[in-house]
Amino acid sequence: MADDLSAVAHFLYEAGTLKHARRTGWWMAGVRDPESVAEHSWRTSLIASVIATLEGADPARAAYLAVWHDTQETRTGDVNYLGKKYSTEADPQAVTADQVAGMPEVLAAAVRELVAEYEAKESREAVCARDADKLECMLQGIEYKAQGYENAQRWIDNSRGRIVTETGQRLADELLSQGSLDWLRTALGEKQA
């Protein structure tokens with residue numbers, strides 16, 4: 001049956017594992033219980049919509065790309081940059097093709113196209129989504145540093161250096177100029193520290 005959703009249901013369960021999959025690079029910074037891949041992907045999607053809106057790109061498309069950017073990690077795990085030095089990296093498009101096998105073709109094709117667009121790094125929306133990925137990592141690093149993980153500075157610096165859009169760069173500078181709880185002080189009407 002062309003509309004069989006069993007493969008879709010399987011994938012939805014599979015996607016849920018990202019709520020438990022930790023971002024392993026943070027362990028090297030000493031973070032004992034780092035964010036999950038799902039937590040990272042959610043904020044990346046939000047940031048992608050912000051950057052795309054301010055860059056004049058399609059915010060829904062950028063967020064859509066960001067939602068799917070790490071879904072392959074259900075099968076590969078989160079391989080950090082050091083790990084990638086020693087192991088062959090799984091091709092995200094090949095992993096995605098396996099993940100969507102058996103799904104209704106209209107859905108499978110859409111997901112394969114999204115991942116291909118993100119990996120190609122050419123569309124304005126893909127550039128915004130990729131910047132969002134780096135900006136989210138930088139922001140998470142700022143938050144971890146505020147919690148006492150001084151080694152997070154490496155991730156802050158590396159992520160900041162990889163942001164290419166004007167909006168992403170300006171937003172990175174703004175984030176770096178604020179404390180991680182300045183938003184709360186503002187919301188409560190308190191004076192900034």
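Between Q178 and E174, the side chains place a donor N or O and an acceptor N or O closer than 3.5 Å (distance only, hydrogens not considered). With hydrogens and angles left out, the side-chain atoms of Q93 and E119 include no donor and acceptor closer than 3.5 Å. With 3.5 Å as the limit, one finds a donor-acceptor pair spanning the side chains of S123 and E117. A donor-acceptor contact under 3.5 angstrom links the side chains of Q153 and D157, judged on distance only.
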Inset, instruction - Apply side-chain hydrogen bond (donor to acceptor under 3.5 Å, both in side chains) to the pair T167 and E55, showing each step before the final yes or no. - result: CA-CA 7 Å; T167 299; E55 287 286 315; 2.6 Å; yes
Legend entry - Evaluation steps, salt bridge (charged side-chain N to carboxylate O under 4.0 Å, His left out), between E39 and R22: CA-CA 9 Å; E39 291 166 321; R22 298 291 161 205; 3.7 Å; yes
Inset, instruction - Might you work through the side-chain hydrogen bond (donor to acceptor under 3.5 Å, both in side chains) test for Q99 and E14, ending with a clear yes or no? - result: CA-CA 9 Å; Q99 287 176 311; E14 180 179 338; 3.0 Å; yes
Legend entry - Chi angles and distances behind the side chain to side chain contact (heavy atoms under 4.5 Å, CB included) call for Y149, W26: CA-CA 10 Å; Y149 297 106; W26 292 118; over 6 Å; no
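Taking 4.5 Å as the limit, every side-chain heavy atom of N151 sits out of range of all side-chain heavy atoms of M28. When side chains are defined from C-beta on, K191 does not count as touching R185, because their heavy atoms never get closer than 4.5 Å. Within the 4.5 Å cutoff, side-chain heavy atoms of Q169 are placed close to those of R160. Residues L114 and R61 form a side-chain contact, since some pair of their non-hydrogen atoms from C-beta on lies under 4.5 Å apart.
L175 and L184 are members of different hydrophobic clusters when ILVMFWY side chains are connected at heavy-atom separations under 4.5 Å. Tracing side-chain contacts under 4.5 Å through hydrophobic residues (I, L, V, M, F, W, Y), one never reaches L139 starting from W183; they form parts of separate clusters. Residue V106 is not grouped with residue V8 when hydrophobic side chains (ILVMFWY) are merged at heavy-atom distances under 4.5 angstrom, including chains of intermediate members. Under the 4.5 Å side-chain heavy-atom criterion for grouping Ile, Leu, Val, Met, Phe, Trp and Tyr, L176 is not connected to W155 through any hydrophobic cluster. Both V111 and L65 belong to a single network of hydrophobic side chains, linked directly or stepwise wherever heavy atoms of I, L, V, M, F, W or Y lie under 4.5 Å apart.
Heavy-atom minimum distance, P59 versus S49: CB-O, 3.4 Å. Between A101 and A7, the shortest heavy-atom contact is O-CB, 3.8 Å. Taking both residues in full, the closest heavy atoms of H20 and G16 are given as CD2-O, 3.8 Å, listed atom of the first, atom of the second, then distance. Scanning all heavy atoms of the two residues, the minimum distance from V95 to A90 falls at CG2-CB, 3.9 Å. Here the closest heavy-atom approach between residue Y144 and residue P34 is recorded as OH-CA, 3.2 Å. Taking all atoms of both residues into account, the shortest heavy-atom contact from A62 to C128 is CB-CB, 4.3 Å.
Rounding to the nearest 0.5 Å gives a distance of 7.5 Å between CG of L18 and OG of S36. To the nearest 0.5 Å, the span separating OG on S41 from NZ on K19 amounts to 13.0 Å. Annotation: the span from T44 atom OG1 to I51 atom CD1 amounts to 9.5 Å, rounded to 0.5 Å. The CG atom of L171 sits 8.5 Å away from the OG1 atom of T165 when rounded to the nearest 0.5 Å. Within the model, atoms CG of L46 and CG of L135 stand 10.5 Å from one another, a figure rounded to the nearest 0.5 Å. Going from atom OG1 of T76 over to atom CG of D91 covers 11.0 Å, rounded to the nearest 0.5 Å.
Listed by chain and residue number, H40, Y118 satisfy the ring pair (Phe, Tyr, Trp, His ring centres under 6.0 Å) test with H69 (two or more places apart in sequence, or in another chain).
We find that R23 and E73 are not joined by a salt bridge, their nearest charged nitrogen and carboxylate oxygen being 4.0 Å or further apart. Look at D58 and R124 and you find no salt bridge, because none of the NZ, NE, NH1 or NH2 atoms lies under 4.0 Å from a carboxylate O. Using a cut-off of 4.0 Å between Lys/Arg side-chain N and Asp/Glu carboxylate O, R162 and D131 are scored as not salt-bridged. Ionic pairing of R112 and E105 is present here: one or more N-O contacts between side-chain nitrogen and carboxylate oxygen are shorter than 4.0 angstrom.
Among M138, K134, Q140, the one residue that satisfies the side-chain contact (heavy atoms from CB on, under 4.5 Å) test with E136 is Q140.
Between the side chain of S45 and the main chain of V67, a donor-acceptor pair closer than 3.5 Å is present.
For F11 and W68, the distance between ring centers is under 6.0 angstrom.
Surrounding CZ of R154 are at most 12 heavy atoms belonging to other residues, nucleotides or ligands under 6.0 Å away.
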